[in-house]
Amino acid sequence: MSRNPRSGNSQSLTLVIKLGTSSICDIETNLPLLSNLSLLVETIVKLRSLGHRVVLVTSGAIGIGLRRLNMDKKPKKLNEIQAVAAIGQGRLMRMYDDLFSQLNQPIAQVLLTRHDLADRTQYLNAVNTFSALLNMGVVPVVNENDTISVSEIKFGDNDTLSAITAGMVNADYLFLMTDVDCLYTDNPTTNPNAKPVKVVEDVSALRDKVIVSSPGSSLGTGGMVTKLIAAELATAAGVTTIICRGSAPKNIISIINHPFSNNNQNSESLPLHTRFLAKDNPMLDRKWWILHGLHSVGTIFIDEGAVKAVTKVGQKSSLFAAGIVKVEGYFVANQAVDLKIERTIKHEDTNEVETVMIGKGLVNYSSIEISRIKGFQSSDIENLLGYADSECVIHRDNLVITIKTDD
Ligand SMILES: N[C@@H](CCC(=O)OP(=O)(O)O)C(=O)O
């Protein structure tokens with residue numbers, strides 16, 4: 001089996017390149033790593049000249065902001081960190097614009113939060129803006145909008161933001177540039193026996209095989225854990241994801257020029273990197289948006305019959321009120337909720353309740369309405385509520401199943 005980038009040829013690829021704080025600022029002094037950044041800019045301009053479309057997702061606002069204020073450490077208070085990021089973001093963009101301008105490459109600033117993408121219209125507006133920028137030959141430079149990002153609406157780290165961005169632009173590749181060559185079976189700085197992991201077919205299966213304790217830098221929030229989450233999101237959207245060393249950006253060109261097949265996974269001619277293969281059947285854009293773009297605001301617990309119906313191979317059903325046993329959280333129609341089942345596991349003396357995540361979906365009714373109609377047939381909804389907006393609680397088009405099924 002060979003899973004190559006979706007466009008199937010290397011004529012014109014769409015690449016998202018994510019650069020973490022450790023590749024932008026010196027970890028001791030916070031001074032910008034100008035030679036690194038210049039090499040990256042040269043590589044991106046080279047990629048553009050080869051006909052590729054490039055999006056840069058960059059951290060570094062906090063690091064650059066700290067340097068501007070002559071502060072050694074990140075402040076403790078969230079609003080002060082946000083202030084530092086606001087100071088650094090303009091300077092970060094100025095630095096990129098200065099470097100790209102030397103090579104006549106126009107760039108654009110795109111600042112996003114998860115909240116912006118939770119609304120389908122705003123999500124599509126962002127998709128359209130990216131599309132227009134790439135069609136104009138511009139390199140969008142993306143960061144999280146730290147001024148308005150607090151935990152509820154945060155991507156949390158730029159690895160996740162880069163995976164969401166890669167899904168939005170239908171990228172062929174996501175490059176997660178970091179301070180190590182690749183993913184290892186353990187932390188290579190503390191364990192000399194740690195082995196490089198070169199090709200990953202299934203990110204979720206990998207979690208038991210590698211120890212991903214390697215922390216991010218003191219300024220960044222990511223580490224290997226967030227890279228694996230990003231790889232899982234991106235590969236689910238059909239994006240081949242690569243972890244490679246941030247200080248050697250030219251490797252990107254070698255990697256995309258080298259056709260991949262499982263037979264040459266140990267190719268010695270390529271620089272060390274980890275390749276996460278894109279899923280053969282990527283999730284449709286809308287379902288991927290529901291799963292990763294939206295924040296869950298509640299939970300609907302369903303019974304075994306409903307689990308069977310919504311996970312049925314071939315013809316998955318919508319979720320009806322009859323299969324709902326419990327509602328948690330306060331939400332209104334059109335918001336995203338998790339779908340779970342509680343199962344009782346009988347031990348000799350005790351019973352244990354296990355909660356299993358089934359999926360996520362957009363509801364047609366509020367939590368208060370669902371509490372009143374749960375367990376009833378669709379034909380009873382009008383009597384119970386005085387109206388019946390929809391016969392199902394979650395339509396199958398708005399429902400994403402996350403447990404493994406056979407289809
Ligand atoms: N928006 C922040 C990003 C912080 C962050 O997640 O950094 P990293 O883990 O290095 O990708 C900044 O620009 O400093």
Side-chain angles (χ1 to χ4, degrees), residues 16-33 36-37 40 55-69 71-97 107-117 140-166 174-180 183 187 212-231 233-234 241-247 249:
V16 173
I17 300 173
K18 186 264 167 173
L19 210 61
T21 306
S22 61
S23 305
I24 297 166
C25 301
D26 183 281
I27 44 167
E28 301 287 324
T29 62
N30 293 327
L31 283 167
L33 300 169
N36 245 12
L37 292 168
L40 174 83
V55 177
L56 175 62
V57 176
T58 179
S59 309
I62 297 172
I64 303 274
L66 287 177
R67 185 66 260 160
R68 178 71 184 96
L69 297 172
M71 286 167 81
D72 292 336
K73 278 201 199 110
K74 207 154 89 163
K76 294 247 173 330
K77 286 188 185 156
L78 182 62
N79 63 347
E80 290 177 3
I81 299 172
Q82 289 172 294
V84 172
I87 292 159
Q89 179 61 29
R91 294 177 72 83
L92 181 68
M93 283 309 292
R94 177 180 159 188
M95 197 165 64
Y96 279 121
D97 201 35
I107 61 169
Q109 173 179 259
V110 178
L111 297 178
L112 294 172
T113 66
R114 186 179 276 276
H115 194 57
D116 301 328
L117 308 182
V141 179
V142 184
N143 197 354
E144 180 143 32
N145 189 344
D146 290 312
T147 302
I148 54 170
S149 287
V150 284
S151 59
E152 279 296 283
I153 62 167
K154 236 178 163 5
F155 289 103
D157 58 81
N158 276 3
D159 293 325
T160 308
L161 172 61
S162 67
I164 301 278
T165 305
L174 166 62
F175 281 87
L176 298 168
M177 315 293 284
T178 184
D179 47 10
V180 287
L183 175 70
N187 189 342
V212 284
S213 56
S214 57
S217 69
S218 58
L219 299 180
T221 51
M224 271 306 159
V225 178
T226 58
K227 290 196 174 40
L228 290 192
I229 294 169
L233 299 190
T241 302
I242 310 278
I243 292 180
C244 61
R245 191 175 275 282
S247 57

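As the structure lists them, so they are numbered: ligands from 1, and atoms in each ligand from 1. Nothing here was measured: the structure is a model prediction, and the numbers come from that model.
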R67 side chain vs T29 backbone, donor-acceptor pair below 3.5 Å: yes
N158 (side chain) donor-acceptor with T58 (main chain) under 3.5 angstrom: yes
Evaluation steps, side chain to side chain contact (heavy atoms under 4.5 Å, CB included), between L33 and S23: CA-CA 7 Å; L33 300 169; S23 305; 5.6 Å; no
Element-labelled atoms of ligand 1 that are located less than 4.0 Å from some non-hydrogen atom of K18: 8 (P), 11 (O)
For D146, atoms of ligand 1 separated by under 4.0 Å from a heavy atom: 1 (N), 2 (C), 12 (C)
Backbone or side-chain N or O of L19 under 3.5 Å from ligand 1 N or O: no
Side chain to side chain contact (heavy atoms under 4.5 Å, CB included) assessment of V141 paired with D97: CA-CA 10 Å; V141 179; D97 201 35; over 6 Å; no
Ligand-residue contact atoms, ligand 1 with T21, heavy atoms, under 4.0 Å: 7 (O), 8 (P), 10 (O)
Donor on one side chain, acceptor on other, Q89 and D146, under 3.5 Å: no
Shortest heavy-atom approach to atom 13 (O) of ligand 1 - which of N143, V84, T160, V142: N143
Polar side-chain atom of D159 near backbone of A230 as donor-acceptor pair, under 3.5 Å: no
Atoms in ligand 1 with a heavy atom of G20 nearer than 4.0 Å: 10 (O), 11 (O)
Close N or O approach (G60, ligand 1; < 3.5 Å): yes
Contact (N/O only, under 3.5 Å) between S59 and ligand 1: yes
